[in-house]
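In what follows, every chain begins at residue 1, and chains take the letters A, B, ... in the order their sequences are listed. The analysis underlying the following values was restricted to heavy atoms, covering all of them including side chains, and did not include hydrogens, waters or symmetry mates.
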Amino acid sequence: MTHRGSALLGIAGPGSGKTRALTFRVANLLQENVRPENILLVTFTNKAAEEMKTRVKEIIGSLPPGLWAGTFHSIGARILRRHASLVNRGPNFSILDEDDRGAMIKSSLAALKLKLPAKDQNLFIKKGLLRTILSSARNSALDLEDYVYTRLPELSHYLPVFKQVEEIYEEKKRLANAFDFDDLLSVWLKLLQENKQIRQRYQEQFQHILVDEYQDTNAIQDQLVLLLGENSSICLVGDDAQSIYSFRCAEIGNILTFSQKRPDCTVVKLVQNYRSVPEILELANYSISNNRQQIPKELFTVRAPGEKPYIYIASDNFKEAQFIVHKVLELYDEGQSLSDIAVLYRSSYLAQDVELELLKKNIPYMTFGGLKFLQRAHIKDILAWLKILENPLDEISWQRVILMHEGLGTATFQQLWQKMRSYPQPLQAVTGEQISPPRGLKGWKSLVGTLRQLEDADRENVPWLIQIILESHYGKYLKEKYPDDFAERIMGIERLAAYGSRCASLREFLESLILEEALIMEDLKEENPEKEYLTLSTIHSAKGKEWKTVLLIGLNEGRFPTSQGIKNIEEERRLFYVAATRAKDYLYLTSSREEYRGWGSYLSGPSSFIRELPPHCYQVIFEDYF
DNA sequence: GATTGGCACACGAAC
DNA sequence: TGTGCCAATC
Ligand SMILES: [Mg+2]
């Protein structure tokens with residue numbers, strides 16, 4: 001019936017046009033009249049998927065609807081919603097973000113402690129450890145037992161605790177009609193493995209599977225591709241030297257051993273680079289050659305010689321920030337658009353000083369990565385109200401909303417929740433006044449009033465829903481709680497509403513935001529497409545992008561590589577490699593001799609990534625430069 | 001049982 | 001710098 005398609009693996013360096021090749025392949029398939037729903041295009045971010053679709057549209061003139069494009073997580077969510085009843089959920093399930101997940105695991109541990117005999121109740125588990133272990137086991141496609149025995153044998157005496165917490169956590173998620181990020185992959189894979197009918201359905205549907213950035217897939221994602229693509233044509237592209245997501249359990253091995261798993265696979269290596277001038281490439285090549293685990297590949301560029309990368313070592317981090325802004329202005333005066341320039345860094349806090357300088361000089365910029373937008377209390381508040389509407393079983397959101405009312409605390413919440421969850425429709429039970437608390441009636445009445453208004457409002461009009469929340473008691477509460485920066489917080493909420501107006505439904509709004517926080521920036525761009533912005537980005541979020549000029553800051557030992565990252569220095573170096581190869585024409589590497597951050601000052605010295613470079617591959621800018 | 005204030009601690013990347 | 005936790009107080 002279906003013939004086994006071919007498998008193609010493209011291992012190619014940065015700027016070699018991997019993503020472009022994938023885009024053209026999709027365009028070709030569509031032109032050959034392959035039906036769009038038979039194509040599965042997996043990208044690293046959902047924004048990248050949108051950009052690729054736009055490109056395809058430009059190439060072939062129109063984009064037929066029905067193409068499956070997005071991240072593994074968003075495609076997992078789509079499939080799980082379709083088959084929600086098979087995986088013990090309703091189609092409106094919530095997706096937990098890291099905070100919600102952490103809170104739920106914490107309360108799972110607390111619940112376990114209550115069940116333990118008194119002598120064991122002082123059990124102490126390092127904060128975040130459970131979160132990491134449960135997630136890593138999942139993403140490594142191992143059960144908890146195998147994971148702990150093989151990867152963390154020193155913790156194996158804790159295994160019974162881990163297992164019980166996981167059990168409680170799983171049950172909590174089921175009751176809350178929620179999945180976490182890891183579930184979107186692992187439950188999806190399990191569904192395919194255990195349900196023959198569903199498996200065959202998607203195996204037949206996805207006749208063409210294309211995956212970008214394959215070096216950053218984890219074990220589950222690899223298994224998904226192999227299983228879904230058993231009989232399909234598969235096209236994967238990636239670069240082992242750009243694998244930078246091991247903290248999400250990405251395994252370089254996936255790309256290195258794919259051809260063993262699919263013996264019919266043709267491997268193509270491309271070392272041609274169309275992006276960077278040779279000087280930048282030379283520096284990047286030198287750097288990555290310090291890695292022993294990489295496939296040796298010397299990149300060649302088609303570009304004519306340009307300028308050697310610059311190194312600037314400032315006396316302190318403020319001076320470093322001043323240099324960056326000075327340089328940006330200089331480049332701007334020389335005719336470069338702000339949109340052609342990016343400031344990149346290992347960790348988001350390293351950008352703070354630069355941001356201050358930019359604000360002082362009134363230079364417009366946009367930040368990517370390290371976004372804490374959804375983490376901020378007022379944004380979480382608004383989202384909690386909205387999540388209740390979408391999924392009334394969402395315990396965490398109920399708790400958040402109930403606790404912000406006067407006179408209602410955790411104990412009362414627990415009592416209320418016991419009653420609420422016994423109703424098939426907790427929201428209606430509340431607004432229908434079938435439930436009331438033993439105390440805090442004033443706060444409760446105001447809560448019920450707001451919920452009634454929200455219930456009656458148009459569910460798909462997100463800005464309107466947000467408006468209702470702001471006009472309710474919540475608006476006053478917010479002002480009292482944050483008298484200093486109330487206005488700024490309202491602006492954040494307005495930003496949220498503006499994004500909401502672009503979404504067709506509340507569900508789409510919640511899901512797309514959680515699967516890509518950076519989307520919150522999009523409306524800014526569309527409001528004023530002409531406007532130029534300087535980009536400030538973490539290196540992780542700069543993946544797959546390029547700029548004419550890149551300024552890489554914070555190159556101090558302990559910052560980049562981070563002190564924690566020394567354990568996995570090769571990955572840190574790949575991160576440096578990714579950063580350097582984002583630059584087309586000009587690359588600036590900056591560092592500071594002394595750092596003032598938080599409590600004191602540090603003298604950490606320049607990053608080993610600078611020190612290990614041969615001096616002939618860069619030029620030094622002296623401190624009294626400006 | 002809710003709320004407030006003080007103290008300790010961490011501080012990395014994100015679907 | 002802020003956030004989470006605990007103990008004292010309302
Ligand atoms: Mg690419």
Side-chain angles (χ1 to χ4, degrees), chain A residues 42-49 70-77 95-99 101-103 106 110 126-128 131-132 135 138-139 179-186 188 213 216-218 220-221 243-250 344-352 368-377 380 402-415 437-440 442-443 481 485 511-519 537-543 554 558-568 571-572 574-576 578-579 595-599 602:
Chain A
V42 186
T43 53
F44 200 74
T45 64
N46 288 310
K47 220 170 114 195
T71 59
F72 280 105
H73 290 88
S74 69
I75 288 170
I95 301 171
L96 301 177
D97 64 19
E98 273 313 295
D99 284 354
R101 178 169 177 275
K106 201 172 88 182
K126 212 173 91 188
K127 196 165 94 188
R131 258 184 13 220
T132 316
S135 177
R138 284 296 194 87
N139 284 307
F179 281 132
D180 63 21
F181 286 127
D182 307 329
D183 291 326
L184 298 181
L185 304 178
S186 64
W188 174 20
E213 307 278 8
D216 275 321
T217 52
N218 63 34
I220 299 247
Q221 292 165 338
S243 175
I244 54 176
Y245 274 89
S246 71
F247 70 93
R248 257 164 56 180
C249 299
L344 304 185
Y345 34 85
R346 173 66 174 89
S347 316
S348 45
Y349 68 86
L350 294 170
Q352 278 172 12
F368 296 90
L371 277 182
K372 303 249 158 50
F373 186 78
L374 298 186
Q375 252 101 299
R376 305 212 49 195
K380 276 169 117 177
I402 288 176
L403 291 195
M404 64 186 143
H405 288 84
E406 203 185 320
L408 301 169
T410 39
T412 309
F413 167 73
Q414 285 306 331
Q415 291 175 35
R439 48 164 59 230
K442 190 165 165 256
K481 195 168 173 192
D485 58 351
E511 179 169 316
S512 63
L513 255 190
I514 218 159
L515 292 179
E516 187 146 22
E517 203 175 333
L519 288 175
S537 175
T538 59
I539 302 170
H540 283 92
S541 295
K543 193 181 173 70
R559 303 289 177 196
F560 187 23
T562 65
S563 31
Q564 305 101 305
I566 306 287
K567 290 175 292 210
N568 194 354
E571 172 139 327
E572 290 288 305
R574 287 193 292 270
L575 207 43
F576 178 76
V578 168
E595 285 183 274
Y596 300 90
R597 299 181 204 278
W599 324 269
Y602 306 85

F181(A) has a side chain; which of dG1(B), dC15(B), dG12(B) sits nearest to it? dC15(B)

Contact class for G440(A) (heavy atom, under 4.0 Å): base, sugar-phosphate, or nothing? nothing

Of the options F247(A), F368(A), F44(A), which is the one that meets H540(A) in a ring-ring contact (aromatic ring centres under 6.0 Å, His included)? F247(A)

Please state how far atom CD in E406(A) lies from atom P in dT3(B), giving the value in whole angstrom units. 7 Å

Compare side-chain N and O positions of T410(A) against OP1 and OP2 of dG1(B) and report whether any pair is under 4.0 Å apart. no

State whether the number of non-hydrogen atoms from other residues, nucleotides or ligands found under 6.0 Å of Q375(A) atom CD is greater than 12. yes

Pick from R248(A), Q221(A), K543(A): which one makes a side-chain hydrogen bond (donor to acceptor under 3.5 Å, both in side chains) with D216(A)? K543(A)

Listed nucleotide nearest any side-chain atom of A411(A), set dC5(C), dA2(B), dC15(B): dA2(B)

Please pick, from dA2(B), dA13(B), dC15(B), the nucleotide with the shortest atom-to-atom distance to any side-chain atom of E516(A). dC15(B)

Between dC15(B), dA13(B), dG1(B), which nucleotide gets closest to the side-chain atoms of T45(A)? dC15(B)

Using the ring of each side chain (for Trp, its six-membered ring), is H73(A) parallel, tilted or perpendicular to F181(A), with breaks at 30° and 60°? perpendicular

Side chain of T412(A) only, heavy atoms from C-beta on: which candidate in dA13(B), dA14(B), dA2(B) is closest? dA2(B)

Using a cut-off of 4.0 Å on non-hydrogen atoms, how would the nucleic acid contact of K106(A) be classed: base, sugar-phosphate, or nothing? sugar-phosphate

Measure from the side chain of T538(A), starting at C-beta and using heavy atoms only, and say which of dC15(B), dA13(B), dA2(B) lies closest. dA13(B)

Separation of dA14(B) P from F373(A) CZ (nearest whole Å): 16 Å

At 4.0 Å (heavy atoms only), tell me whether F247(A) reaches a base, stays on the sugar-phosphate, or touches nothing. base

Could you check whether Y245(A) gets within reach of a base, just the sugar-phosphate, or nothing at all, counting any heavy atom under 4.0 Å? sugar-phosphate

What is the distance from CD1 of I244(A) to P of dA13(B), rounded to the nearest Å? 13 Å

Using whole Å, what does the distance between atom P of nucleotide dG1(B) and atom CD1 of I402(A) come to? 16 Å

For F413(A) and R248(A), take the nucleotide of DNA chain B holding the closest heavy atom to each; which residue's nucleotide lies nearer the 5' end? F413(A)

5' priority, DNA chain C, between K380(A) and Q352(A) [closest heavy atom]: Q352(A)

Proximal nucleotide (of dG12(B), dA2(B), dA13(B)) relative to the R439(A) side chain: dA2(B)

Nearest-nucleotide check on DNA chain B, I514(A) vs Y349(A); residue mapping nearer the 5' end is Y349(A)

In whole Å, what is the span from the NZ atom of K442(A) to the P atom of dA2(B)? 16 Å

Nearest to side-chain heavy atoms of L515(A), which nucleotide of dA14(B), dC15(B), dA2(B): dC15(B)

Atom pair distance, as rounded to whole Å: CZ in R101(A) and P in dC15(B): 15 Å

It should be established whether S541(A) places a side-chain nitrogen or oxygen under 4.0 Å from OP1 or OP2 of nucleotide dA14(B). yes

Whole-Å distance, L408(A) CG to dA2(B) C1', equals 10 Å

Report which part of the nucleic acid S74(A) touches: base, sugar-phosphate, or nothing (heavy-atom distance under 4.0 Å, all strands). nothing

Quickly work out the D216(A) CG to dA14(B) P distance and round it to whole Å. 13 Å

Looking only at non-hydrogen atoms, find the nearest pair between N139(A) and L185(A) and report the distance. OD1-CD1, 3.9 Å

Answer yes when E516(A) and K47(A) have at least one side-chain N-carboxylate O distance shorter than 4.0 Å, and no when they do not. no

